Amino acid sequence: MPELPEVETVRCGIEPHLVGHYVRTVIIREPRLRWPVPLSLSQKLTGQSFLTVQRRGKYLLLNCPQGTVLLHLGMSGSLRLVPDNVPPGKHDHLDIVLSNDCCLRFNDPRRFGSVLWIQENPLSHPLLKPLGPEPLDPLFDGSYLFKRSRHRRAPIKVFIMNHRVVVGIGNIYASEALFQAGIHPRRAAGRISLGRYQRLVEAIKTVLYQAIQAGGTTLRDFVTSDGKPGYFSHQLQIYGRTAHPCPTCGNPIRVDRIGQRTSYYCAQCQH
DNA sequence: AATCGCGCCTGACGGC
DNA sequence: TGCCGTCAGGCGCGAT
């Protein structure tokens with residue numbers, strides 16, 4: 001599923017094909033996404049040109065002079081650029097056809113994604129306003145997390161997956177970062193020292209950077225007309241590796257359910 | 001204020 | 001083979 005690194009890779013991939021081009025047509029085949037795709041999207045977006053393509057957490061912002069397409073890939077969403085004569089396939093819910101004969105195609109089997117049109121300042125939109133800092137921003141550091149976590153009894157894994165605390169850390173990278181930092185996913189957030197938070201933040205930045213770099217190389221051929229856009233295969237040390245030996249100590253990796261999410265950890269290495 | 005649990009949805013998978 | 005139940009998961013929302 002798209003995590004922050006995938007969304008950033010998508011952003012980089014589509015940006016050069018959108019910026020400076022205008023929208024010829026919008027085709028909505030299935031408006032029933034997480035929120036209904038507004039019927040007015042077609043009319044509002046047609047004729048607009050793209051100024052910039054930004055990312056905020058896992059949201060993509062396609063900025064136009066008169067508004068912004070606010071897009072989320074949810075669990076199973078993907079964006080591809082295809083020549084505009086390629087017939088749509090299953091779950092191709094929406095096309096933004098561009099002046100350069102290219103078509104930005106949104107596919108989402110589970111329809112947890114969303115495509116909205118907003119006219120106010122995007123950052124004051126109700127979906128974006130409450131979001132915490134970007135994990136790769138320098139102001140996201142150990143002392144920030146330490147301060148935010150005081151008196152919090154929630155497990156650290158739940159805490160760092162809370163998008164009001166910090167955005168873009170999904171289930172996979174939460175497990176990976178906690179493993180790398182040697183912190184047990186169930187430990188209460190309020191009972192972790194500043195030093196350990198500094199190590200955790202370092203781990204979060206490292207796993208995200210590595211994944212973004214991996215994505216940049218794997219998804220070099222972003223413009224495709226066939227096949228699925230491969231989310232890059234993660235180099236995961238712990239996620240999904242139940243009963244495999246821990247790469248550090250060799251003890252079997254454990255799986256557990258924390259905050260309604262599957263969590264992987266090494267009971268020996270993480271405290 | 002913080003935390004919990006629900007619901008949205010399809011595809012993959014296991015059991016019978 | 002086919003049918004059915006279960007699970008996976010991002011994330012906003014309403015309840016506690």
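These numbers come from the heavy atoms of this one structure, side chains and all, not from hydrogens, waters or symmetry mates. Letters go in sequence order (proteins before strands), and every chain restarts at 1. Because the structure is predicted, anything quoted here is derived from the model rather than measured.
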Which whole-number value in Å describes the distance from [X] [atom1] to [N] [atom2]?
{"X": "A:M75", "N": "C:dG10", "atom1": "CE", "atom2": "P", "result": "5 Å"}
{"X": "A:I156", "N": "B:dT3", "atom1": "CD1", "atom2": "P", "result": "11 Å"}
{"X": "A:R186", "N": "B:dC4", "atom1": "CZ", "atom2": "P", "result": "11 Å"}
{"X": "A:N107", "N": "B:dT10", "atom1": "CG", "atom2": "C1'", "result": "12 Å"}
{"X": "A:D108", "N": "C:dG9", "atom1": "CG", "atom2": "C1'", "result": "12 Å"}
{"X": "A:R257", "N": "B:dG5", "atom1": "CZ", "atom2": "C1'", "result": "12 Å"}
{"X": "A:Y264", "N": "C:dG9", "atom1": "OH", "atom2": "C1'", "result": "11 Å"}
{"X": "A:E6", "N": "C:dG10", "atom1": "CD", "atom2": "C1'", "result": "13 Å"}

Does [N] have OP1 or OP2 sitting under 4.0 Å from an N or O in the side chain of [X]?
{"X": "A:R153", "N": "B:dT3", "value": "no"}
{"X": "A:K90", "N": "B:dG11", "value": "yes"}
{"X": "A:R261", "N": "C:dG9", "value": "no"}
{"X": "A:T262", "N": "C:dG9", "value": "yes"}
{"X": "A:R111", "N": "B:dT10", "value": "yes"}

Quick one: do [X] and [Y] make a salt bridge, cutoff under 4.0 Å?
{"X": "A:D256", "Y": "A:R186", "value": "yes"}
{"X": "A:E134", "Y": "A:R56", "value": "yes"}
{"X": "A:R11", "Y": "A:E8", "value": "yes"}

* Tell me what A:Y59 touches on the nucleic acid: a base, only sugar-phosphate, or nothing, going by heavy atoms under 4.0 Å. =>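 Counting heavy atoms under 4.0 Å across all strands, the contact made by A:Y59 is with sugar-phosphate only.
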* To do: Answer with base, sugar-phosphate or nothing: what part of the nucleic acid does A:H151 contact at a heavy-atom distance below 4.0 Å?
  =>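 Since no nucleic acid heavy atom lies under 4.0 Å of A:H151, the category is nothing.
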* Residue-level proximity of residues 27-35 of chain A to DNA chain C when a heavy atom falls under 4.0 Å ->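 Those residues are A:R34, A:W35.
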* Whichever of A:F159 and A:H91 has its nearest DNA chain B nucleotide further upstream toward 5' ->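 Per heavy-atom nearest nucleotide, the more 5' residue is A:F159.
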Could you work out which one of [options] sits closest to the side chain of [X]?
{"X": "A:Y239", "options": "C:dC11, C:dG12, C:dA8", "value": "C:dA8"}
{"X": "A:R110", "options": "C:dA8, B:dG5, C:dG12", "value": "C:dA8"}
{"X": "A:N171", "options": "C:dG10, B:dT3, B:dG5", "value": "C:dG10"}
{"X": "A:E3", "options": "C:dG12, C:dG10, C:dC11", "value": "C:dG10"}

* Write down the atom of A:A177, the atom of A:L200, and the distance for their closest heavy-atom approach. =>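 Looks like O-CD1, 4.0 Å.
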* Asked: Nearest heavy-atom pair of A:R261 and A:N171: which atoms, and what distance?
  ->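 A:R261 and A:N171 have their closest heavy atoms at CB-OD1, 3.6 Å.
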* Give me the bend of the helix from B:dA2-C:dT16 to B:dC16-C:dG2, using the axes of the five pairs at each end, rounded to 10°. =>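 Answer rounded to 10°: the end axes differ by 40°.
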* Given side chains that start at C-beta, do those of A:K205 and A:F140 come closer than 4.5 Å, heavy atoms only? ->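 They are in contact (side-chain heavy atoms under 4.5 Å apart), so the answer is yes.
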* To do: Before giving the answer on side-chain contact (heavy atoms from CB on, under 4.5 Å), spell out for A:L123 and A:K129 the whole-Å C-alpha distance, their side-chain angles and the decisive distance to 0.1 Å.
  => CA-CA 6 Å; A:L123 300 183; A:K129 197 168 183 180; over 6 Å; no
* Would you call the rings of A:H93 and A:F106 parallel, tilted or perpendicular, where under 30° means parallel and over 60° means perpendicular? ->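 Ring orientation, 0 to 90° scale: tilted.
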* To do: Compare the aromatic ring of A:F112 with the six-membered base ring of B:dC8 and state whether they stack according to the 5.5 Å and 30° rule.
  =>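 A stacking contact exists, since A:F112 sits close and nearly parallel to the base ring of B:dC8.
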* Asked: Mind checking whether A:F50 and A:H21 have ring centres under 6.0 Å apart?
  ->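 No, too far apart.
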* Taking the six-membered ring of A:F146 (Phe, Tyr or Trp), confirm whether the NZ or CZ of A:R150 is under 6.0 Å from its centre and within 45° of its axis. =>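 Ring-cation test returns yes.
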* Asked: Do other residues, nucleotides or ligands put more than 12 heavy atoms under 6.0 Å from the CG atom of A:L39?
  ->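 Not more than 12 within 6.0 Å, no.
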